Amino acid sequence: MVRVRFAPSPTGYLHIGSARTFIFNWLFARKQKGTMILRIDDTDVERNTQASLDSIFDGLNWLGLGWDEFYRQSERGELYAKAAWAIFDKDLAYRDFTPMSAGGEDKSGDAKAAWLCNPGMRELSRAESDRRANAGEPFVLRFRVPREPERTITFTDLVYGEQSKSTADIEDFALLRSNGGVTYHHASCVDDADLRISHIVRGQDHLSNTFKHILIFEALGVEAPRFAHLPLLTAPDGAKLSKRKHGPVVSVTTYRDAGFLPQSYINFLCLLGWNPKDNREKMSIDELVEAFTFDGVNRANAVVNFSEEDPIDPKALWLNSQHIYALSVPELAAAIAPVFTAAGYQFDEAKLLKITPLIQERIKTLNDAVGAADFFFVDELAPYDPAELTPQKGDAAMALRVLEAGRTALETAEFNHDGLDSVLRAQAAALGVKAGQMFQPIRVAVCGRKVAPPLFETLEVLGRETCLKRIDQAVLKLK
RNA sequence: GGCGCUAUCGUCUAAGGGUUAGGACGGAGCCCUCUCAAGGCUCUAAUAGGGGUUCGAAUCCCCUUAGCGCUACCA
């Protein structure tokens with residue numbers, strides 16, 4: 001039975017790299033008909049914030065994938081302490097009474113022995129250790145990494161393949177802190193064991209930590225889960241993404257607020273470091289579940305291609321437009337309705353359903369809908385330059401003739417595609433102008449700009465009355 | 001510094017001994033066309049460097065370089 005977990009620590013907003021880790025876990029769980037667990041790793045009481053927890057749920061809820069089980073480490077404290085002392089009782093851990101300030105600084109570098117463990121502490125007799133602890137001396141509980149003889153720890157990562165590291169290169173890491181708190185490594189492993197996690201799918205930043213984790217699982221007397229590490233997401237300069245340095249691009253909610261469809265953002269994140277091997281790009285959630293394997297995961301870090309001018313990766317934008325195009329009209333209408341409402345426009349569903357297909361292939365984000373369709377909603381068009389009314393290779397006089405003839409024609413025309421098409425083309429012929437020269441002044445008159453959806457459908461949705469009124473206003477502008 | 005991981009177009013990636021090194025985004029151009037899109041076609045651009053192994057390396061091995069990660073009583 002496959003059981004995977006996503007274990008964020010609430011010390012910041014939901015990072016897009018974390019979101020991707022969640023997604024890969026979820027995809028694997030669904031593909032394997034397994035269980036997806038959300039576990040909040042909040043063992044660092046100093047750095048946890050409620051705002052951060054809220055932001056994680058915010059982001060996860062927007063993605064909309066969900067999870068099957070939920071846990072919080074802060075509620076499972078006894079478990080970790082119990083497990084830690086069990087390890088101590090097996091003599092696989094020892095008390096380190098070194099004061100917190102000492103040792104830490106120049107451990108890096110020269111003296112390797114000093115880096116592996118604090119002098120004297122590893123060898124402390126049990127009796128001496130107990131005596132000092134009973135005397136109230138603070139200590140951290142350290143794992144006794146087996147070193148005489150040294151051992152090579154190995155495992156097969158589902159993404160990175162065979163991995164090995166000598167215990168001579170693993171320092172005696174902490175399990176319990178001097179304040180009684182538990183460390184990440186320990187809590188994480190105890191929980192993974194307790195929750196019977198079958199596969200740990202996480203960022204590659206934990207690849208080297210895995211050797212420590214395997215040691216802990218061993219000490220716990222359980223079989224270690226399988227591991228799959230994911231390449232990291234970086235900024236264009238190769239640096240890891242950070243809010244302070246790169247701003248809102250690192251937060252999932254930024255994409256939600258920019259008008260992304262969650263399924264397209266999920267699709268985009270999946271393509272960063274994974275691919276289905278068959279050149280598919282735009283994929284639905286179901287297709288992703290069906291296609292997902294760890295074999296398709298790449299090993300090199302992936303760059304999120306944003307810049308200061310454009311905080312959105314162009315490929316994400318393109319994918320979003322593809323997903324928007326894949327939506328049915330009612331689906332898209334439902335998605336853009338809140339955008340229009342937020343812009344302060346009044347409308348009914350019937351009207352929205354008529355407008356939606358006109359802008360569907362013209363918007364890359366949901367937010368683009370306002371700019372693409374605003375003229376359908378306003379009573380009065382925003383002021384525009386009358387020069388815009390002048391058609392290609394024509395002049396203001398031609399614009400005037402076209403508008404007046406067009407107005408007359410529209411008074412009696414049938415307001416549907418075919419009716420408008422034939423009537424306006426006939427007018428163009430009668431005036432001796434090209435169809436485009438006929439359409440453009442009318443388009444500008446009714447839309448207030450040159451770039452707009454196809455003319456006949458636009459006129460139809462606007463209705464005869466509005467069209468005639470706006471043409472009259474355009475004629476006035478020209479005179 | 002030590003240990004580990006990685007290295008194909010600007011970006012995301014395919015090709016896991018034999019290909020004109022493929023696709024996508026972006027950019028450029030053409031077609032289509034009532035504008036804008038969408039769509040179609042074409043072009044642009046890559047195997048970090050050096051050694052091996054082999055009849056033959058993007059692919060396997062070694063070295064160099066570069067980047068990233070870990071090296072906390074953070075996660």
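Source: prediction; values computed, not measured. In what follows, chains are A, B, ... by sequence order, proteins preceding strands, each numbered from 1.
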Salt bridge between A:Lys477 and A:Asp385, side-chain N to carboxylate O under 4.0 Å?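 Salt bridge absent between A:Lys477 and A:Asp385.
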
Closest-nucleotide mapping onto RNA chain B: is A:Ser208 or A:Arg20 further toward the 5' terminus? I mean the 5' end.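 Its nearest nucleotide lies further toward 5', so the answer is A:Arg20.
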
Please compare A:Asn275 and A:Leu207 by the position of their nearest nucleotide in RNA chain B and report the one closer to 5'.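 Residue closer to the 5' terminus by nearest nucleotide: A:Leu207.
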
Please confirm whether the shortest side-chain N or O distance from [X] to OP1 or OP2 of [N] is below 4.0 Å.
| X | N | answer |
| --- | --- | --- |
| A:Asn209 | B:rC70 | no |
| A:Thr43 | B:rA75 | yes |
| A:Arg177 | B:rA75 | yes |
| A:Gln163 | B:rC5 | yes |
| A:Asn301 | B:rU6 | no |
| A:Arg142 | B:rC73 | yes |
| A:Lys277 | B:rA15 | yes |

As a test of reading the structure: which of [options] is closest to the side chain of [X], going by heavy atoms?
| X | options | result |
| --- | --- | --- |
| A:Lys315 | B:rU35, B:rC34, B:rG23 | B:rG23 |
| A:Leu232 | B:rG22, B:rG69, B:rC3 | B:rG69 |
| A:Asp44 | B:rG2, B:rA75, B:rA37 | B:rA75 |
| A:Gln322 | B:rA7, B:rG39, B:rC34 | B:rG39 |
| A:Ala300 | B:rG69, B:rC34, B:rU6 | B:rU6 |
| A:Trp318 | B:rC34, B:rC25, B:rC73 | B:rC25 |
| A:Lys212 | B:rA75, B:rA14, B:rC70 | B:rC70 |
| A:Pro454 | B:rU35, B:rA7, B:rC74 | B:rU35 |
| A:Asn279 | B:rG23, B:rC73, B:rC70 | B:rG23 |
| A:Lys240 | B:rU71, B:rG69, B:rA24 | B:rG69 |

Would you say the rings of A:Phe22 and A:Phe24 are close, in the sense that their centroids are separated by under 6.0 Å?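 Centroid separation for A:Phe24 and A:Phe22: 6.0 Å or greater.
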
Remember a base hit wins even if backbone is also touched, and classify [X] as base, sugar-phosphate or nothing at under 4.0 Å, heavy atoms.
| X | answer |
| --- | --- |
| A:Gln440 | sugar-phosphate |
| A:His185 | base |
| A:Pro453 | base |
| A:Gly203 | nothing |
| A:Arg299 | sugar-phosphate |
| A:Lys364 | sugar-phosphate |
| A:Phe456 | base |

Indicate, yes or no, whether a donor-acceptor pair under 3.5 Å links the base of B:rC73 to the side chain of A:Ser178.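 In this structure, the two groups form a donor-acceptor pair.
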
When the distance from [atom1] of [X] to [atom2] of [N] is rounded to whole Å, what number comes out?
| X | N | atom1 | atom2 | result |
| --- | --- | --- | --- | --- |
| A:Trp274 | B:rA14 | CH2 | P | 11 Å |
| A:Arg425 | B:rU33 | CZ | P | 10 Å |
| A:Arg280 | B:rG23 | CZ | P | 18 Å |
| A:Leu230 | B:rU6 | CG | C1' | 15 Å |
| A:Asp157 | B:rG69 | CG | P | 18 Å |
| A:Leu116 | B:rC70 | CG | P | 19 Å |

Do A:Leu241 and A:His15 make a side-chain contact, defined as non-hydrogen atoms from C-beta onward lying under 4.5 Å apart?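 A:Leu241 vs A:His15: side chains touch.
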
On the six-membered ring of A:Phe139, is A:Arg95 placed so that its NZ or CZ lies under 6.0 angstrom from the centre and within 45° of the ring axis?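 Because its charged atom sits under 6.0 Å from the ring centre and within 45° of the axis, A:Arg95 does stack over A:Phe139.
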
Quick check on side chain to side chain contact (heavy atoms under 4.5 Å, CB included): which of A:His199, A:His206, A:Arg202 does A:Phe227 satisfy it with?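 Of the listed residues A:His199, A:His206, A:Arg202, the side chain to side chain contact (heavy atoms under 4.5 Å, CB included) partner of A:Phe227 is A:Arg202.
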
Step-by-step side chain to side chain donor-acceptor pair (under 3.5 Å) determination, A:Tyr94 to A:Asp172: CA-CA 10 Å; A:Tyr94 61 91; A:Asp172 285 354; 2.6 Å; yes

